[in-house]
2 protein chains.
Amino acid sequence: MPIKAALETLACPYASDLLRRVGDKWSVSTIILLESGTKRFNELLKASEGISQRILTLTLRNLERDGFVERAVISNSTLHVEYSLTALGASLLSLMSGVIKWADQNRDLVKDARLKFDAIREDRFSSANK
Amino acid sequence: MPIKAALETLACPYASDLLRRVGDKWSVSTIILLESGTKRFNELLKASEGISQRILTLTLRNLERDGFVERAVISNSTLHVEYSLTALGASLLSLMSGVIKWADQNRDLVKDARLKFDAIREDRFSSANK
DNA sequence: CGGTATCCGTTGAGATACTG
DNA sequence: CAGTATCTCAACGGATACCG
């Protein structure tokens with residue numbers, strides 16, 4: 001039913017918007033890291049292997065902007081910033097859990113499809129490439 | 001439970017992969033267009049306002065490669081190509097229907113969060129920009 | 001009709017160095 | 001500690017022209 005509605009209004013801008021936000025390289029893994037509770041910037045940095053400081057900052061800002069993540073500066077003597085999921089972020093995470101489950105259940109089908117597709121393309125161009 | 005598992009294996013590559021594929025500009029709307037049945041290339045082109053031939057081709061190739069869409073060349077006198085969802089593609093679409101529903105239900109919360117966030121940033125930089 | 005080839009501007013992402 | 005600044009490279013997306 002939601003799909004029919006989306007079709008009638010031609011495309012579904014809100015879902016596209018969401019998927020583009022969450023379809024970047026680090027957003028989902030960051031949200032997942034925050035599932036187990038509040039984390040500091042450097043905790044997230046260490047837990048996300050391969051991310052740079054700059055990209056983590058951008059990722060967190062984007063998530064914060066959409067209301068999925070909350071940033072709290074703890075006023076101590078030393079600089080201390082804590083990130084946590086908002087209620088909306090937790091809701092998003094439970095949506096993502098469905099996606100994760102689906103991706104896991106169907107990963108072999110996707111893998112096989114790719115192998116098959118790439119093999120055919122390989123055949124088509126093998127003479128030209130050689 | 002799937003999230004816990006994903007956390008333990010550190011990140012969820014299959015879901016990230018899926019979201020990046022489906023997080024591009026045209027994949028979801030293309031899949032939605034194919035929900036109502038087989039479509040020809042130019043039907044999809046006309047139904048997707050703003051897309052170019054090249055991008056539609058790339059979008060369809062990617063969807064085909066992952067096994068979500070099937071391409072069939074109809075051997076008539078004139079060139080005729082039909083695209084349709086595979087079973088896997090239909091399954092993906094029903095997953096996406098959940099995403100579409102969520103995005104629709106929470107769009108105001110996201111919108112408000114953005115307005116608030118942007119207003120604060122505006123304040124912070126208004127003196128510098130003026 | 002259903003594509004490819006080419007070019008080109010914009011955005012995403014990483015490395016590195018510096019700072020309140 | 002938690003960022004910002006700057007630079008660089010690659011990927012994405014669009015315009016246009018051509019082709020079997």
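To find a chain, count down the sequence lines: A is the first, B the second, and so on, and within it residues start at 1.
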J.: Would you say B:Tyr83 reaches C:dC1's phosphate, i.e. side-chain N/O to OP1/OP2 under 4.0 Å?
T.: no
J.: Measure the distance from CZ on A:Arg20 to C1' on D:dC12 and round it to the nearest whole Å.
T.: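 It works out to 8 Å between those atoms.
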J.: Between atom CD1 of B:Ile51 and atom OG of B:Ser29, what is the distance when rounded to the nearest 0.5 Å?
T.: 6.5 Å
J.: Can you tell me if A:Lys25 touches the phosphate of C:dG14, counting only side-chain N or O atoms and a distance under 4.0 Å to OP1 or OP2?
T.: yes
J.: Taking the minimum atom-to-atom distance to the side chain of A:Thr57, which one of C:dG3, D:dG3, D:dC1 wins?
T.: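 Closest nucleotide among those given: D:dG3.
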J.: Please confirm whether any donor atom in the side chain of B:Arg40 sits under 3.5 Å from an acceptor in the base of C:dG2, or the reverse.
T.: no
J.: Using whole Å, report how far CG of A:Leu58 lies from P of C:dA13.
T.: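 That distance rounds to 9 Å.
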J.: Is there a side-chain contact between B:Arg71 and the phosphate of C:dG3, meaning an N or O under 4.0 Å from OP1 or OP2?
T.: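 Answer yes for this pair, as a side-chain N or O of B:Arg71 is under 4.0 Å from OP1 or OP2.
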J.: In whole angstroms, how far is the C1' atom of C:dG2 from the CZ atom of B:Phe41?
T.: 6 Å
J.: In terms of side-chain heavy atoms of A:Val81, which of C:dG2, C:dG3, D:dA2 is nearest?
T.: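 The answer is D:dA2.
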J.: Are B:Ile74 and B:Leu60 connected in a single hydrophobic cluster, I mean Ile/Leu/Val/Met/Phe/Trp/Tyr linked by side-chain heavy atoms less than 4.5 Å apart?
T.: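 No, it is not one cluster - the side chains of B:Leu60 and B:Ile74 are not joined through contacts under 4.5 Å.
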J.: Mind checking whether B:Leu115 and A:Leu88 sit in one hydrophobic cluster, side chains of I, L, V, M, F, W, Y counted as touching below 4.5 Å?
T.: no
J.: Can you tell me which residue among B:Arg107, B:Lys111, B:Arg114 is in a salt bridge (Lys or Arg N to Asp or Glu O under 4.0 Å) with A:Asp66?
T.: B:Arg114
J.: Considering only D:dT4, D:dG13, C:dG3, which nucleotide approaches the side chain of B:Gln53 most closely?
T.: C:dG3
J.: Could you tell me the separation between the NE2 atom of B:His80 and the C1' atom of C:dG3, rounded to a whole number of Å?
T.: 15 Å
J.: Is A:Trp102 reachable from B:Tyr14 through a run of hydrophobic residues whose side-chain heavy atoms are each under 4.5 Å from the next?
T.: no
J.: Using atom CG of A:Asp24 as one end and atom P of D:dA11 as the other, report the distance to the nearest whole Å.
T.: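 After rounding, the reported distance stands at 17 Å.
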J.: Output the rounded distance in Å from CG (B:Leu56) to P (D:dG14).
T.: 11 Å
J.: Nearest whole angstrom, please: distance from the C1' of D:dG3 to the CD of A:Glu43.
T.: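 Rounded to the whole Å, the gap is 16 Å.
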J.: Report the nucleotide, chosen from C:dG14, D:dG13, C:dG3, that has the shortest atom-to-atom distance to any side-chain atom of B:Ile55.
T.: D:dG13
J.: Among the nucleotides D:dA5, D:dA2, C:dA5, which one has an atom lying closest to any side-chain atom of B:Arg54?
T.: C:dA5
J.: Measure from NZ on B:Lys39 to P on C:dC1 and round the result to the nearest Å.
T.: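 Interatomic distance, NZ of B:Lys39 to P of C:dC1: 17 Å.
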